[in-house]
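Here it is: the structure, laid out below.
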Amino acid sequence: MQWIEAKVTIVADDENLAVELVSDIFQNLGTSGVVVDDPHMEPVEGWGSDAVPRPQQPAVTGYLPADGRLETRRAELERALADLARNQGLRFAIAYQTLDEQDWAESWKAFFHPQAITARLVVKPTWREYTPTPGQQVIEIDPGMAFGTGTHPTTAMCVQLLENHLQAGDSVLDVGTGSGILLIAAAKLGAGRLNGVDSDPIAVAIARENLDLNAIPKEEAELRCGHLVDTVAERFDVVVANILADVIVELLDQVPAVLAPGGRFICSGIIQGRREEVLHKMAACGLHLIESLERDEWVALAGQCNP
């Protein structure tokens with residue numbers, strides 16, 4: 001199958017807000033994930049000798065299937081971007097490129113190196129070598145088309161909050177599991193029952209492969225397709241969601257039904273300008289803030305409900 005790579009390069013005063021808004025457009029088009037070019041990105045371990053050059057401008061890249069709906073999706077994308085430029089005062093340029101599925105699955109690998117995301121956990125792509133230091137645990141991962149490598153600040157902060165608030169044996173629900181990295185991190189931090197849900201069946205398949213890579217038994221981790229928690233009937237000690245702010249606000253209406261008494265809700269993918277909006281919604285849903293992290297203008301929040 002062929003795919004169309006749509007790369008939107010952005011010029012804006014508030015680059016993080018612009019990136020989130022463009023990412024929202026791709027999500028509304030039904031894309032399973034986006035790639036964000038961040039010119040300010042700096043890996044914890046520094047750049048390897050074989051690293052690709054740092055991007056010069058912020059950009060968001062989404063992938064559209066080259067099927068019968070392609071022209072409609074392209075028109076919708078361009079119309080939404082034009083509206084965004086008019087209403088938000090940003091400028092953009094869009095470039096299209098045709099990719100075979102193999103090209104899509106392989107082209108981003110040059111960007112992905114082992115990275116320590118907390119003091120205890122290192123994310124390592126399957127095609128690179130890394131020797132952990134004493135006390136470190138390695139998350140083996142092949143993100144495939146689901147993205148979510150752990151190198152983005154939102155993912156790293158979610159993992160840090162899991163490390164800070166997960167208790168041994170806790171059950172964990174990951175909403176929008178993507179590559180499965182948060183479930184794997186939870187398992188390595190001592191979680192018990194694991195459950196992941198994603199609207200994209202490709203993401204669910206890749207998450208299963210990554211759980212297998214990390215020797216997490218199938219009977220301990222259930223993965224399913226679904227919109228947010230519509231298909232979830234159980235309650236969990238920890239619910240984690242690294243998704244966009246608009247989706248988190250929607251999800252929060254359903255969190256009380258899937259969070260155990262005294263449970264913790266961890267979320268990220270929130271720009272600083274939306275922090276108070278999400279906090280207000282958390283409070284309205286019976287969650288009080290227990291920790292907040294900020295990195296590169298992104299925010300991650302941990303809240304807890306009453307026992």
Side-chain angles (χ1 to χ4, degrees), residues 1-12 17-37 55 57-88 90-109 111 142-149 152 154 174-180 196-209 223-231 241-251 254 269:
M1 182 176 181
Q2 286 191 324
W3 299 81
I4 302 301
E5 177 188 87
K7 183 172 183 177
V8 181
T9 304
I10 301 165
V11 178
L17 175 60
V19 164
E20 179 169 356
L21 293 173
V22 174
S23 298
D24 279 341
I25 292 172
F26 277 114
Q27 182 182 22
N28 290 336
L29 288 173
T31 56
S32 61
V34 295
V35 175
V36 175
D37 288 355
Q57 289 181 271
V60 180
T61 301
Y63 297 89
L64 308 175
D67 57 17
R69 293 193 58 206
L70 173 61
E71 292 307 315
T72 300
R73 286 193 178 101
R74 283 180 56 159
E76 290 175 358
L77 172 63
E78 292 165 10
R79 183 168 53 250
L81 288 170
D83 289 344
L84 195 60
R86 185 167 51 254
N87 297 329
Q88 298 292 329
L90 59 85
R91 289 178 290 153
F92 71 90
I94 184 167
Y96 296 105
Q97 179 181 354
T98 301
L99 296 177
D100 290 326
E101 190 158 357
Q102 183 65 21
D103 295 332
W104 182 17
E106 298 293 329
S107 61
W108 49 269
K109 288 187 175 181
F111 293 86
D142 187 345
M145 292 179 289
F147 307 107
T149 62
H152 194 274
T154 60
D174 181 16
V175 182
T177 194
S179 64
V197 61
D198 200 291
S199 61
D200 182 2
I202 294 174
V204 171
I206 290 172
R208 172 55 64 194
E209 292 174 1
L223 299 171
R224 66 183 81 182
C225 276
H227 175 67
L228 300 181
V229 296
D230 288 351
T231 60
N242 181 25
I243 45 184
L244 298 172
D246 285 338
V247 187
I248 291 170
V249 170
E250 178 186 354
L251 170 64
Q254 299 175 289

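Just so you know, residue 1 is the first one in the sequence shown, and it goes up from there.
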Let me confirm one number: the CD1-CG distance from I206 to D200, rounded to the nearest 0.5 Å.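 Atom-to-atom, I206:CD1 and D200:CG are 8.0 Å apart.
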I need the minimum non-hydrogen distance between I10 and A12, along with the two atoms involved.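 Nearest heavy atoms, I10 then A12: CG2-CB, 4.0 Å.
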Restricting to non-hydrogen atoms, name the atom on T9 and the atom on A59 that form the minimum distance, rounded to 0.1 Å.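 Shortest heavy-atom contact: CA-CB, 3.9 Å.
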Decide yes or no for Q57 and D37: does some side-chain heavy atom of the first lie under 4.5 Å from some side-chain heavy atom of the second?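 They are not in contact (no side-chain heavy atoms under 4.5 Å apart), so the answer is no.
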Inter-residue atom distance S23.OG - I243.CD1, 0.5 Å rounding: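 Between atom OG of S23 and atom CD1 of I243 there are 13.0 Å.
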Under the rule for salt bridge (Lys or Arg N to Asp or Glu O under 4.0 Å), what residues qualify as partners of R73, not counting sequence neighbours?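 Counting only residues at least two positions away or on another chain, R73 forms a salt bridge (Lys or Arg N to Asp or Glu O under 4.0 Å) with D67.
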Between atom CD1 of I94 and atom OG1 of T61, what is the distance when rounded to the nearest 0.5 Å?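 Going from the CD1 atom of I94 to the OG1 atom of T61 covers 9.5 Å.
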In Å and rounded to the nearest 0.5 Å, what is the CZ to OG1 distance from R208 to T177?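 Between atom CZ of R208 and atom OG1 of T177 there are 10.0 Å.
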For V229 versus V175, what's the shortest heavy-atom pair and its separation?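 Scanning both residues completely, I find the closest heavy atoms to be CG1-CG2, 3.8 Å.
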Does a side chain donor of either H227 or E250 reach within less than 3.5 Å of an acceptor in the other side chain?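 Yes, E250 and H227 have a side-chain donor paired with an acceptor closer than 3.5 Å.
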Grab the two heavy atoms, one from G269 and one from N242, that are nearest each other, plus how far apart they are.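 Result for this residue pair: N-OD1, 3.6 Å.
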Just jot down the salt bridge (Lys or Arg N to Asp or Glu O under 4.0 Å) partners of R69, sequence neighbours excluded, or say none.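 So R69 forms no salt bridge (Lys or Arg N to Asp or Glu O under 4.0 Å) with any residue.
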Any V35 side-chain heavy atom under 4.5 Å of Y63 side chain: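 Yes, their side chains come closer than 4.5 Å.
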Just by modelled atom types, is the G226 backbone N or O under 3.5 Å from a matching donor or acceptor in the D230 side chain?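 No; zero donor-acceptor contacts below 3.5 Å.
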Give, for atom CD of E20 and atom CG of L17, the distance between the pair rounded to the nearest 0.5 Å.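 Output value for this atom pair is 7.0 Å.
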Least distance between heavy atoms, A6 atom then L77 atom: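 Taking every non-hydrogen atom into account, CB-CD2, 3.9 Å.
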Evaluate whether atom CZ of R91 has more than 12 neighbouring non-hydrogen atoms of other residues, nucleotides or ligands under 6.0 angstrom away.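 Atom CZ in R91 is not crowded, with 12 or fewer foreign heavy atoms closer than 6.0 Å.
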Nearest 0.5 angstrom please: L64 CG to R74 CZ, how far?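 The CZ atom of R74 is 8.5 Å from CG of L64, to the nearest 0.5 Å.
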Compare every heavy atom of A207 with every heavy atom of G178, then report the nearest pair and how far apart it is.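 So the two residues come closest at O-CB, 3.6 Å.
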Residue pair V8 / F26, side-chain heavy-atom distance below 4.5 Å: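 A side-chain contact under 4.5 Å exists here.
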